[in-house]
Colleague: 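Let me give you the structure first, and then I'll get to my questions.
Below, read A as the first sequence line, B as the second, and so on, with proteins coming before strands; counting in each chain starts at 1.
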Amino acid sequence: MSTEYEPVIGLEIHVQLKTRTKMFCGCELSFGEEPNTRTCPICLGLPGTLPVTNAQAVQYGIMMGLALGCEIAPRSIFHRKNYFYPDLAKGYQISQYDIPLCLGGRLGDVRIHRIHLEEDAAKLVHVGASGRIHGSEASVVDYNRGGTPLAEIVTEPDLRSAEQARDWLQLLRETLRQLGVSDVNMEEGSLRCDANVSIRPKGTHALGTKTELKNMNSFRYVMQGINAEIARQTALLESGESVTQETLHFDPVSGRISSLRSKEEAHDYRYFPEPDLVPIVPTPEMMAAAEAAIPELPADREARYESDFGIPTDTAHLFAYEPTWGTYFERVAVEGNRDAKAAAIWVTELRTRLGADADPHKSAVVPAQLAALAALVAAKKVTAGSARTVLDKMVETGDHPDRIAEAEGLTVMEDSGELSQIVAKVISENPDVVEKVRGGNAKAMGALVGPIMRETKGRADGGEVNRLLREQLGV
Amino acid sequence: MLSSDQVLHVARLARLELTPEEVERFGGELSKVLDHIELIGQLELEDVPPTSHVIDVENALRADEPRPSMPVERALESAPDAAEGGFRVPSPGAS
């Protein structure tokens with residue numbers, strides 16, 4: 001009987017902040033510029049220079065802390081994290097150590113351990129016969145990225161599956177995106193995720209030996225990487241071996257995991273306080289400015305749509321993650337006397353037509369007219385099916401739904417005389433069905449509804465059709 | 001007294017190559033520094049916050065306003081081995 005294991009996962013997320021300039025100097029951030037065209041004596045680490053902290057980066061850090069329910073440190077300082085590698089010109093990275101900007105906090109069901117500010121490293125371009133890291137003869141350093149402001153978010157080990165980790169990371173990304181502090185693009189590296197993974201026998205509390213999994217630059221890779229590592233650790237324990245604490249690299253192509261750094265390069269960063277930078281002591285003014293810059297965030301928006309508008313969870317989730325559509329939905333709901341459920345249905349229909357990335361506010365369909373369309377359906381003046389055709393026309397022309405329905409002959413037949421004739425005609429054409437219905441098979445009546453709808457081109461109200469059928473068949 | 005392994009470890013972190021004589025000498029010198037720290041450690045310092053900064057200044061912040069960067073030629077001027085618009089270095093993996 002084999003033991004069942006439970007994964008324990010914590011994430012470390014690096015976020016490039018969306019400032020104009022670098023963390024400690026006035027060089028503009030780089031977006032694919034020629035190598036080494038965004039440098040200055042400070043970010044090249046030349047002797048005699050002094051770093052000065054970017055106020056906007058601090059504000060973004062405080063905003064993130066407030067949004068994630070952290071405690072903002074009344075006084076935090078920077079540390080030097082020393083290591084020798086060509087991606088750091090100075091021989092150290094300016095980071096935060098034992099007194100980070102933000103402590104504690106929570107997003108969804110995951111606790112935040114801390115958030116700290118630091119600077120990004122430079123990019124190494126490896127040249128050599130193979131073009132790969134291993135075996136390449138030389139590297140060329142591009143310091144454009146060096147010094148880009150980063151916030152590192154560290155979670156508590158509260159995640160229990162790779163799927164949960166991926167979903168939570170998506171919530172974090174959307175939250176940060178709506179906060180406006182980062183582009184949060186995993187493929188471009190403005191959002192980078194490492195995972196600490198360990199497993200333990202289900203039901204126990206002591207943590208197993210963890211490994212740190214790096215280089216998962218998409219949500220899919222995060223999930224695949226963690227699952228691969230859980231499987232690797234499980235196999236180790238099941239064969240009586242043990243997990244070694246190490247840094248691992250996930251290769252998404254092969255799905256394999258390999259050791260990234262040799263043991264002798266184990267962390268020995270010799271942190272000490274950065275003497276060139278003075279402490280950050282957030283003033284009431286700084287706190288108020290950060291607070292004021294925070295918009296409504298996805299988790300809050302989703303809860304509000306469910307409680308205030310009473311729309312289904314999945315729709316509320318959708319509008320919370322796509323706030324442009326959410327805002328549009330709110331306008332339609334208000335125009336439609338807060339018949340929010342109908343508004344949600346028709347906004348979702350419009351979204352299907354325009355695409356999730358489109359801005360409905362710039363489309364031909366104004367909120368009042370979409371609300372009018374919902375009202376037409378609610379008043380049974382247009383069937384749901386016809387309303388979709390009306391919406392197609394609205395997207396094309398921007399015309400009022402009333403006018404379109406009228407002009408296209410899509411209004412529900414109000415003249416029950418005409419509908420009555422069509423029902424009689426269909427009954428006379430289908431004697432076999434009529435026989436079944438009269439014989440007690442009420443369900444068979446459904447076979448008559450289709451032809452009636454065809455005859456009326458979908459303009460008949462379903463309830464009315466049923467009523468007339470029953471009346472004329474005498475059942 | 002610092003062991004020679006400890007001295008070599010610190011030297012490796014700083015990418016320094018030491019002769020056996022230097023390992024011996026720095027072992028002695030570094031031990032003296034550590035002895036002094038231990039002397040401080042004997043004091044009652046529970047309520048004394050660490051002095052990370054000696055000047056009484058806070059929040060020296062800079063507005064997020066771009067300033068011109070250096071031309072790449074200037075940036076690479078003092079590079080010992082400039083190549084392909086960058087600083088060429090021995091491949092870190094090869095060391």
Colleague: So which part of A:D142 gets closer than 4.5 Å to some heavy atom of chain B, the side chain, the backbone, both or neither?
Modeller: neither
Colleague: Carefully, step by step, assess B:L61 and A:V52 under the rule side chain to side chain contact (heavy atoms under 4.5 Å, CB included).
Modeller: CA-CA 6 Å; B:L61 302 174; A:V52 187; 5.9 Å; no
Colleague: Does any heavy atom of chain B fall under 4.5 Å from the side chain of A:F272, the backbone, both, or neither of them?
Modeller: neither
Colleague: Measure distances from A:E274 to the heavy atoms of chain B and classify the residue's part below 4.5 Å as side chain, backbone, both or neither.
Modeller: backbone
Colleague: Could you pull out the closest heavy-atom pair between A:V278 and B:A60, with the gap in Å?
Modeller: CG2-N, 3.4 Å
Colleague: Which heavy atom of B:R62 sits nearest a heavy atom of A:K22, and at what distance?
Modeller: NH2-O, 2.7 Å
Colleague: Is there side-chain contact between B:N59 and A:M286, with at least one heavy-atom pair below 4.5 Å?
Modeller: yes
Colleague: Looking at A:P273, A:P41, A:P279, which makes the most heavy-atom pairs under 4.5 Å with chain B?
Modeller: A:P279
Colleague: Looking only at non-hydrogen atoms, find the nearest pair between A:V140 and B:G86 and report the distance.
Modeller: CG1-CA, 3.5 Å
Colleague: A:P275 versus chain B, heavy atoms under 4.5 Å apart: side chain, backbone, both or neither?
Modeller: backbone
Colleague: Evaluate A:E33 against B:S69 for side chain to side chain contact (heavy atoms under 4.5 Å, CB included), listing each step before the verdict.
Modeller: CA-CA 12 Å; A:E33 275 75 15; B:S69 297; over 6 Å; no
Colleague: Please report the shortest heavy-atom distance between A:R20 and B:E65, naming the atom on each side.
Modeller: NH1-OE1, 3.6 Å
Colleague: For a quick test of reading the model, state the closest non-hydrogen atom pair linking A:F84 to B:L13 and the distance between them.
Modeller: CD1-O, 3.5 Å
Colleague: For A:N36 and B:V72, indicate whether the former's side chain and the latter's backbone hold a donor-acceptor pair under 3.5 Å.
Modeller: no
Colleague: What heavy-atom pair brings B:H9 and A:D268 nearest, and what distance separates the two atoms?
Modeller: NE2-OD2, 2.5 Å
Colleague: For A:C43, is it the side chain, the backbone, both or neither that has a heavy atom under 4.5 Å from a heavy atom of chain B?
Modeller: neither
Colleague: Please walk me through it: do B:E58 and A:T283 pass side chain to side chain contact (heavy atoms under 4.5 Å, CB included)?
Modeller: CA-CA 10 Å; B:E58 291 157 352; A:T283 61; over 6 Å; no
Colleague: For A:L29, is it the side chain, the backbone, both or neither that has a heavy atom under 4.5 Å from a heavy atom of chain B?
Modeller: neither
Colleague: Which atoms of A:I77 are under 4.5 Å from chain B, going by heavy atoms: the side chain, the backbone, both sets, or neither?
Modeller: side chain
Colleague: Please determine whether side-chain hydrogen bond (donor to acceptor under 3.5 Å, both in side chains) holds for the pair A:T21 and B:D64, giving the CA-CA distance in whole Å, both sets of side-chain angles, and the decisive distance to 0.1 Å.
Modeller: CA-CA 6 Å; A:T21 68; B:D64 188 24; 2.6 Å; yes
